[in-house]
2 protein chains.
Amino acid sequence: MNNEETIAHARERVVESVAKNMHLYGVTPSIGRIYGTLYFENEPMTLDELKEELHMSKTSMSTGVRTLIDLNMVEKVWKKGERKDLYKIKADWYQNFIDLFCVQWRKGTQMNMEALTKSLSEFEKVLEEEPSEAIAEQVRKDIEKITYAINYYHWLNQVVNLFESKEIFKLTNKNENP
Amino acid sequence: MNNEETIAHARERVVESVAKNMHLYGVTPSIGRIYGTLYFENEPMTLDELKEELHMSKTSMSTGVRTLIDLNMVEKVWKKGERKDLYKIKADWYQNFIDLFCVQWRKGTQMNMEALTKSLSEFEKVLEEEPSEAIAEQVRKDIEKITYAINYYHWLNQVVNLFESKEIFKLTNKNENP
DNA sequence: AGGACTGTACAGTTTTTTCTGTATGAACTG
DNA sequence: CAGTTCATACAGAAAAAACTGTACAGTCCT
């Protein structure tokens, strides 16, 4: 096996591994492969180049790249005298992780919080109407559970803040060598 | 709307919201609904009760419950004089989050690390063979990228450790009231 | 303005995932 | 031991997701 082949294989291994774990970012392996390809390619790439490299349709490249742009993992760049759009990676993996983590959990937290507070106030209203003791007992238990959940989401929000504020970097040594 | 209905609706809203966000735990909404149902039910439930409640097949309940058990979110309990298996929730949401987070990211990190170190050593071997300057230049760039990635995963492991060691609780007030 | 080229919307196809019904083996009951 | 009652393996149906080809609107060039 010559050098070029060795290099290609070594790259492919990494790209494939990254792609396989990309589901943690809510992204399919195919899109992960786009990311990996852009990571190793030193120059920004066009949709056609990606299509060529990955043997997939241009449509898929288009939507895939857009997904990555939405995730803030890729950006469009402009080059003089080039008609095609060029895309390059945004290779701050630390920031990517934080962005993703925060967006995902913030969103989940918020949705659940809305449901929880709404239901909580309904439960409280039921209690105020002096229902039968059986019902009151039941509702009290439900309120307890909802309160637990609300507290949990408050905590989760604190965790998210820890990342969003970059405070997490003070607690870990970001550039430590292996 | 009478009290029972109000209660049922309020519960449903929360269950549905939790179910919808359960994908963050790598679980489908259907399975999330099992979890939510068990959360509000004060007594452990059987597969048949779940089936009844959720209007789904018993097979789905069986596999769904098992998934939740694997995720350490539900446990089987035994009750005297009851032939059917009973399942109840493990309602330590903080621990659930940590377990999930750690397992997911630890696994992803490990897989990628294996690929990275393997490819790194291959790249280094190529360099040792004194290739053409063009190739050497390329390989040096690749090695740089791989090193960056390795550093990143080291950092990520530190983050995971922060959770696994429960140190995260020192940095957030877990039981703060809203 | 006309022609060529590029990115994407959309509809249809393929692949994957989820869900169900049937069948079976294990465990309990009398 | 025979008769129930469970849970679940398995195969197939239904639903969802990923992917592609075609068509078209926008942009650039002459």
Side-chain angles (χ1 to χ4, degrees), chain A residues 15-16 18-38 43-71 73-89 104, chain B residues 15-16 18-38 43-71 73-89 104:
Chain A
V15 170
E16 202 50 38
V18 168
K20 267 192 193 129
N21 288 294
M22 213 67 168
H23 67 99
L24 293 167
Y25 291 80
V27 151
T28 61
S30 293
I31 297 182
R33 235 166 272 128
I34 296 179
Y35 183 84
T37 305
L38 286 170
E43 297 301 310
M45 295 177 79
T46 65
L47 293 182
D48 286 313
E49 284 166 353
L50 283 168
K51 167 187 157 163
E52 189 67 23
E53 178 74 26
L54 299 174
H55 299 99
M56 288 181 69
S57 73
K58 195 171 177 182
T59 305
S60 292
M61 297 303 98
S62 178
T63 55
V65 164
R66 183 141 50 143
T67 302
L68 290 169
I69 288 177
D70 289 346
L71 287 171
M73 296 169 85
V74 159
E75 62 186 334
K76 199 189 275 200
V77 297
W78 184 82
K79 194 181 152 193
K80 214 162 104 178
E82 172 64 74
R83 278 181 68 176
K84 304 188 185 185
D85 293 349
L86 288 162
Y87 302 95
K88 82 180 238 282
I89 216 152
Q104 279 189 349
Chain B
V15 170
E16 201 49 38
V18 167
K20 266 190 194 133
N21 288 292
M22 213 65 168
H23 67 98
L24 293 168
Y25 291 81
V27 153
T28 61
S30 294
I31 296 181
R33 235 165 273 126
I34 295 178
Y35 183 83
T37 305
L38 286 171
E43 297 301 311
M45 295 177 79
T46 66
L47 294 181
D48 286 314
E49 285 165 354
L50 284 168
K51 166 187 158 165
E52 187 69 23
E53 178 73 26
L54 300 174
H55 298 101
M56 288 182 69
S57 72
K58 195 172 177 182
T59 305
S60 293
M61 298 303 98
S62 177
T63 57
V65 165
R66 181 138 53 140
T67 302
L68 290 169
I69 289 177
D70 289 347
L71 286 171
M73 297 169 85
V74 159
E75 61 185 334
K76 199 189 277 200
V77 297
W78 184 81
K79 194 180 154 194
K80 218 162 100 177
E82 173 64 73
R83 280 181 66 174
K84 304 187 185 184
D85 293 349
L86 288 161
Y87 302 95
K88 81 181 242 281
I89 214 151
Q104 279 189 349

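When reading the values below, keep in mind they use all heavy atoms of this one structure, side chains included, and skip hydrogens, waters and symmetry mates. In what follows, chains carry the letters A, B, and so on, assigned in the order in which the sequence lines appear, proteins first and then strands, with residues in each chain numbered from 1.
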* Would you tell me if any nitrogen or oxygen in the side chain of A/R66 comes within less than 4.0 Å of OP1 or OP2 on C/dA9? => yes
* Structure fact -> Separation of C/dC19 atom P from B/H55 atom NE2, nearest Å, is 16 Å
* Which part of the nucleic acid does B/T63 contact within heavy-atom distance under 4.0 Å: base, sugar-phosphate only, or nothing? -> nothing
* What's the CG-P distance between A/L50 and C/dG7, to the nearest Å? -> 11 Å
* Asked: To the nearest Å, how far apart are A/K51 NZ and D/dG21 P?
  -> 8 Å
* Whole angstrom is fine here: how far is it from NZ in B/K79 over to P in C/dC28? => 17 Å
* Asked: Within this structure, what is the CG-to-C1' distance between A/D70 and C/dT8, rounded to whole angstrom?
  -> 14 Å
* To do: Rounded off to whole Å, could you give me the CG-to-P distance for the A/L47 and C/dA9 pair?
  => 12 Å
* Between the side chain of A/T37 and the main-chain N/O of A/R33, is any donor-acceptor distance below 3.5 Å? -> yes
* **Whole-Å distance separating the NE2 atom of B/H23 from the C1' atom of D/dA16** => 16 Å
* On a plain distance test, is the side chain of B/R83 in donor-acceptor contact with the base of D/dC6 below 3.5 Å? -> no
* Value in whole Å for how far the P atom of C/dT8 lies from CE of A/M56 -> 15 Å
* Structure fact -> The nucleotide from D/dG21, C/dC19, C/dG7 with an atom nearest the side chain of A/S57 is D/dG21
* Structure fact -> Among the nucleotides D/dT8, C/dT6, D/dC19, whichever has the atom closest to the side chain of A/K84 is C/dT6
* Does the side chain of A/K79 reach to within under 4.5 Å of the side chain of A/P44, using non-hydrogen atoms? -> no
* To do: Look at the side-chain N and O atoms of B/K58 and state whether any lies under 4.0 Å from the OP1 or OP2 oxygen of D/dT8.
  => no
* Base C/dG7 to side chain A/T59, donor-acceptor N/O within 3.5 Å cut-off -> no
* Please report the shortest heavy-atom distance between B/I89 and B/M73, naming the atom on each side. => CG1-O, 3.6 Å
* Could you check whether B/T28 gets within reach of a base, just the sugar-phosphate, or nothing at all, counting any heavy atom under 4.0 Å? => sugar-phosphate
* Flag the pair A/L47 / A/K51 as yes when at least one side-chain heavy-atom distance between them is below 4.5 Å, and no otherwise. => no
* **Listed nucleotide nearest any side-chain atom of B/S60, set D/dA7, C/dC19, C/dT8** => C/dC19
* Would the number of heavy atoms belonging to other residues, nucleotides or ligands and lying under 6.0 Å from CD of B/E75 be above 12? -> yes
* Which residue lies toward the 5' end of DNA chain D, A/G81 or A/M61, if each is placed at its nearest nucleotide? -> A/M61
